[in-house]
Amino acid sequence: MKAAVFREVGKPLEIEEISISKPGPREVLIRTAAAGVCHSDLHFVEGLYPAQFPIVLGHESAGIVEQVGEDVTYVKPGDHVITCLSVFCGHCEQCLTGHMSLCANPETRRGPEDEPRLAKDSQAINQFANLSSFAEQMLIHEHGLVKIREDMPLDRAALIGCGVTTGVGSVFHTAGVEPGSSVAVVGCGGVGLSCINGAALAGAGQIIAVDMVDSKLQMAKEFGATDVVNGSDGDVVEQVRELTGGGVQYAFEAIGLKVTAEQCFSMIRPGGTATIIGMIPVGVKIELTGSAFLQEKKIQGSMMGSNRFRVDMPRFVDFYLAGKLHLDQMVSKRIGLGDINDAFVDMKSGEVARSVIVFDD
Ligand SMILES: [Zn+2]
Ligand SMILES: [Zn+2]
């Protein structure tokens with residue numbers, strides 16, 4: 001099968017013919033239908049997060065089950081599925097206390113002695129996030145997928161696999177936004193827009209979108225933002241404070257930068273919560289004003305929207321089909337696997353919400 005192989009930081013991904021193993025016990029072979037190009041993939045391409053080479057990136061995907069291994073009863077060939085990097089074992093402390101997105105049990109992967117899931121000329125190719133979606137097929141643990149209704153278009157379903165779940169989940173689960181509350185979202189890419197959409201679904205009273213690109217702020221309004229702030233028009237924190245009479249109850253950082261993480265903490269009102277969704281590069285420290293803790297200001301991280309994806313994702317599909325989750329506008333471009341490097345260039349320009357790779361049948 002064809003896959004985009006990443007071999008070295010600074011070099012473009014190469015489309016190569018690689019081999020994929022047969023499904024073992026509890027594994028599922030999926031024909032990839034669509035894969036979104038997510039900002040987290042770019043972090044690895046740019047070397048901001050370390051990768052083990054060679055590797056096939058991609059982790060936001062949907063497809064159709066082709067073959068199942070022994071003991072798999074949850075899906076059968078022909079089922080439509082969304083994949084999720086939050087593969088869960090189902091019996092560790094994190095899983096049993098409802099924090100399945102934090103499960104780190106290695107038993108959902110193949111061991112170092114086993115035949116690798118991906119290889120080329122007998123050399124193992126690393127699987128990214130237990131998925132590797134930039135490939136025509138994926139071989140994953142059955143706990144890394146969820147079955148969905150078949151009237152859901154798979155290119156938009158793919159977005160639910162990471163960006164949408166990360167954004168909406170951070171609002172519903174990580175922060176627990178209540179109806180009527182005030183929210184600010186800094187960064188209006190795929191995750192930020194999902195966050196805005198999630199805040200609207202949660203019934204937030206005021207939703208302030210912050211970005212430097214006017215076209216994205218325009219989109220943010222379509223996703224539910226009640227106010228917009230362009231970061232190039234002066235102090236962002238002051239503008240948010242002004243709009244809310246003293247700060248928001250919930251701020252979300254959806255870029256992954258020190259400066260915007262600090263701004264999010266500064267723009268919350270006493271008792272408010274800042275949630276950092278963006279991937280801040282390894283080694284970067286953020287600075288907070290210590291006295292703010294006397295005002296019960298809180299800051300927290302969010303991993304994949306603290307999801308329980310087998311429950312969440314089918315609900316998000318229903319939301320989309322009911323017209324409540326705006327996925328159509330989020331797909332900026334539909335591209336082929338061979339266009340993957342251009343998609344990263346587009347992403348860096350900041351003009352694109354999501355490029356989605358669509359595979360031929
Ligand atoms: Zn992602
Ligand atoms: Zn677990």
Side-chain angles (χ1 to χ4, degrees), residues 4 6 26 32 34-46 48-49 51 55-62 82-109 127-135 138 140-145 155-170 174 187-195 198 252-256 276-281 301-313 316 327 330-332 340 343-344 346-348 352-357:
F6 179 36
R26 311 201 68 185
T32 316
V37 183
C38 174
H39 232 100
S40 329
D41 295 306
L42 179 63
H43 282 319
F44 286 90
V45 166
E46 292 189 314
L48 296 175
Y49 274 76
I55 190 166
V56 174
L57 296 173
H59 62 279
E60 185 179 86
S61 44
I82 299 176
T83 62
C84 184
L85 64 84
S86 305
V87 56
F88 58 93
C89 74
H91 55 81
C92 72
E93 185 179 302
Q94 297 286 14
C95 285
L96 291 175
T97 53
H99 304 101
M100 298 153 94
S101 61
L102 298 177
C103 176
N105 191 335
E107 73 179 30
T108 53
R109 292 159 228 159
Q127 189 177 36
F128 180 62
N130 305 307
L131 297 173
S132 288
S133 314
F134 296 158
M138 292 175 281
I140 71 173
H141 190 277
E142 64 167 333
H143 283 176
L145 58 81
D155 56 349
R156 276 142 284 171
L159 302 180
I160 293 176
C162 175
V164 170
T165 292
T166 298
V168 179
S170 69
T174 317
C188 298
V191 170
L193 290 172
S194 301
C195 210
F252 294 89
E253 200 279 351
I255 306 174
I276 309 301
I277 314 170
M279 283 173 74
I280 296 177
S302 178
M303 177 57 180
M304 284 295 291
S306 313
N307 71 75
R308 296 84 153 163
F309 74 88
R310 285 250 181 119
V311 176
D312 296 336
M313 290 185 178
F316 297 163
L327 305 182
M330 206 177 283
V331 182
S332 321
I340 180 92
F344 287 120
D346 283 348
M347 180 176 279
K348 279 209 272 191
V352 175
R354 262 302 186 269
S355 299
V356 178
I357 299 166

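First listed ligand is number 1; within each ligand, the first listed atom is number 1. These values consider heavy atoms only, across backbone and side chains, with no hydrogens, waters or symmetry-generated copies.
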Quiz item: Do His141 and Asn130 meet the criterion of a side-chain donor-acceptor pair at a distance under 3.5 Å?
Solution: no

Quiz item: Could you give the distance from OG (Ser86) to NE2 (His143), rounded to the nearest 0.5 Å?
Solution: 13.5 Å

Exercise. Please state whether the rings of Tyr49 and His43 are parallel, tilted or perpendicular, taking 30° and 60° as the class boundaries.
Key: tilted

Practice problem: Check whether any N, O or S atom of His91 sits under 2.8 Å from the Zn ion (ligand 2). | Solution: no

Quiz item: What does the angle at the Zn ion (ligand 2) come to, between atom SG of Cys92 and atom SG of Cys95, rounded to 10°?
Solution: 110°

Quiz item: Rounded to 10°, how big is the angle at the Zn ion (ligand 1) from His59 NE2 to Cys162 SG?
Solution: 110°

Quiz prompt | Heteroatom N/O/S of His39 within less than 2.8 Å of the Zn ion (ligand 1) | solution = no

Self-check item: Flag for Thr174-Ser306: side-chain donor and acceptor within less than 3.5 Å
Solution: yes

